Amino acid sequence: MNILIMGTGYVGVTTGLLFAELGHQVTGLDPDREKVNTLSEGLLTFYEPGLDRILWKHVRAGSIRFTTDASAAIRDHSIIFICVGTPSREDGSADLRYMGQAATQIGQHTKEYKLVVMKSTVPVGTCEQLTHIIREAQPAPISFDVVSNPEFLREGNAWHDALHPDRIVIGALHASAAVQVRQLYDPLDSPVLVTTPRTAELMKYAANAFLATKISFINEISRLCEVIDVPVTEVSAALGMDHRIGPHFLNAGLGYGGSCFPKDIQALLHIAAGHDLTLGILEQADHVNRTQIPHLLRTWEQAIGSFHGKTIAVLGLSFKPDTDDLREAPALKLISLLAARETAIRVHDPVATLPSTLRSSQIQQFGSIEETLAQCDAVILCSEWPTYKEADWARLHSLMRDHYCFDGRNMLDGNRMAALGFHYYGVGIVQSREGRML
Ligand code: UDX
C-alpha cells in the first residue's frame, strides 16, 4: 500500500519506517523543509538507537521519501496517518493545533476516498473533531473514514516496540476501515483490539497514566523505606514477582519525565475536570512526581551537610537513557534547584546537550565522565546510561575532591561503591552504620 505520514517527528518517522519495513511505500510529509532535507539524505533528526540504520536502508531502497508538498502528497495517497505533536497547554489540556492544521489540509486536498488514521495521543473525542474539521474543509462532500490507532512506543526502544507491539489498538466506526488498518500490520504477530475511536483514545491515556502511577507508587513507598530502613529495591523485586503486578515500572528514582507521562496525566485530569470529575489517584501520582526531586535533594542535603558552595557532577541529562530527548527531563529540574543553592554544576550526557538557557559559568557540560567529575564533591546520577554503570568508579573516586554519590536511579551497586570509599545514597536505600547498604 501507499501510505502518507503527516508529521515526521519521533512517532511519524518510526511509524513510517515500520510500514516501509512491512513492505509498504511510505511518504513522510512535514512543513519543515530543513527536517525534510535531512531525512531525505537518510539522516535522523533525533537520537534513537538503531533507527538511523533503518532510515538509511529505506531511503536508499526508495521505500520511504519525504516531502513538504501537502497538496500533492494528500492527493496521491488514500491512506493517511496523522503523527503530529500534541503538546500541553498552560492549563494541562492537549494543544490540538497541529492536528487541526493536518485535518484542514486533508479536507482541502481530498478528491477521492481517504482513510485517515490518528496515531498521535489525543483526548477522547478527537477523532469526532477530526471528522468534523475534514468535512468542513472539503470543497465538496467526499467520503472518508477516521480511525484511532494509538502508538505505544518507548523512546530508546522504538524500533523493537514498533516491530513487537504488545497490542495493536484500532478504533473505528466502520468495520471496513478497521479491516483496512488491520491489513497494514498483517505481517506482525501481535494481538489486535478493534473498538470505537473514543475507547481507543482512552486506552492510550489510561495505559500511560497507569504506568506513571506505578512509578509514583514505588517512589512514595521509597520515601517510607528511607525512614524505616528498608531497601526499596528489594521491595520492588518482590512486588514484581507477583504476576498480578509485574516487574516493570517499579524502579524508584527521580521520577518520570519525557514527552508523554507528564503531559498525558495532565490531559487526562483536564478531561475529567471538564466532566466535573476529580481523578484523585492521578492527581496524587502527579503530586508525588512533582515533589520527588525536591524531596530527594532535601534527603541528600542532610547527608552532605549543604549543597551550598559545593561542586556537583550531574551524569545523564536526557529523561531516560538511549535518547537525547530533554522534554520534562528530571535532570534539568534538578540542575535548576541545585543552581538556586549556588552550587557549581558540571554535567555530562553521552548524546544530549545542555540547553543554552541553562549554560553559564555556574553550569557547564563536559565531554567525558572523568573531566566532569574532576574535583567534584558529589556526583548525582540522573539517567541510567550503561556507560555510567560500566565506568571505572575506583578511578573516578581518585579524581573527586569529596566522595558523595547520589544515585537517582538506583543503578549502581551500593555496597561496591561504599567499598570503594564513596558515601553512597540511592533512592529508598539507606546506608547502615557499618557502611553497608541495608
Ligand atoms: C512512554 C510509554 O512507555 C510509551 O508506551 C508511550 O507510547 C510513550 O510514553 P517513554 O516516555 O519513551 O514511553 O519512556 P518510558 O520508558 O515509559 O519512561 C518514562 C519515564 O519514566 C522516564 O523518565 C523513566 O526514567 C521513568 N521510569 C520508568 C521510572 O522512573 N521508573 C521506572 O520503573 C520506569
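First listed ligand is number 1; within each ligand, the first listed atom is number 1. Note that the structure is predicted; figures quoted are calculated from it, not measured. Values below: all heavy atoms of this structure, side chains included; hydrogens, waters and symmetry mates excluded.
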Residues forming a side chain to side chain contact (heavy atoms under 4.5 Å, CB included) with Ser63, sequence neighbours excluded: Ala20, His58, Ala61
Between ligand 1 and the protein, tabulate every N or O atom pair separated by less than 3.5 Å, reporting distance only.
{"residue": "ligand 1", "atom": "5 (O)", "partner": "Phe152", "partner atom": "O", "Å": "3.0"}
{"residue": "ligand 1", "atom": "7 (O)", "partner": "Glu151", "partner atom": "OE1", "Å": "3.1"}
{"residue": "ligand 1", "atom": "7 (O)", "partner": "Leu153", "partner atom": "N", "Å": "3.2"}
{"residue": "ligand 1", "atom": "7 (O)", "partner": "Leu153", "partner atom": "O", "Å": "3.0"}
{"residue": "ligand 1", "atom": "7 (O)", "partner": "Lys204", "partner atom": "NZ", "Å": "3.4"}
{"residue": "ligand 1", "atom": "12 (O)", "partner": "Glu155", "partner atom": "N", "Å": "2.6"}
{"residue": "ligand 1", "atom": "12 (O)", "partner": "Lys320", "partner atom": "NZ", "Å": "3.4"}
{"residue": "ligand 1", "atom": "14 (O)", "partner": "Lys320", "partner atom": "NZ", "Å": "3.1"}
{"residue": "ligand 1", "atom": "16 (O)", "partner": "Lys320", "partner atom": "NZ", "Å": "2.8"}
{"residue": "ligand 1", "atom": "23 (O)", "partner": "Gly257", "partner atom": "N", "Å": "3.0"}
{"residue": "ligand 1", "atom": "23 (O)", "partner": "Phe319", "partner atom": "O", "Å": "2.9"}
{"residue": "ligand 1", "atom": "25 (O)", "partner": "Arg409", "partner atom": "NH1", "Å": "3.4"}
{"residue": "ligand 1", "atom": "30 (O)", "partner": "Arg409", "partner atom": "NH1", "Å": "3.1"}
{"residue": "ligand 1", "atom": "31 (N)", "partner": "Asn251", "partner atom": "O", "Å": "3.1"}
{"residue": "ligand 1", "atom": "33 (O)", "partner": "Leu250", "partner atom": "N", "Å": "3.2"}
{"residue": "ligand 1", "atom": "33 (O)", "partner": "Asn251", "partner atom": "N", "Å": "2.9"}

Centre of Phe366's six-membered ring, under 6.0 Å away, within 45 degrees of the axis: is that where NZ or CZ of Arg346 sits? yes
Of the options Lys114, His174, Gln180, which is the one that meets Asp145 in a side-chain hydrogen bond (donor to acceptor under 3.5 Å, both in side chains)? His174
Hydrogens and angles aside, do Lys263 and Thr86 bring a side-chain donor and acceptor to less than 3.5 Å of each other? yes
Passing candidate, side-chain contact (heavy atoms from CB on, under 4.5 Å) with Cys382, options Asp349, Val347, Ile335, Leu334: Leu334
Please verify the inter-ring angle class for Phe406 with Tyr404; under 30° counts as parallel, over 60° as perpendicular, anything in between as tilted. parallel
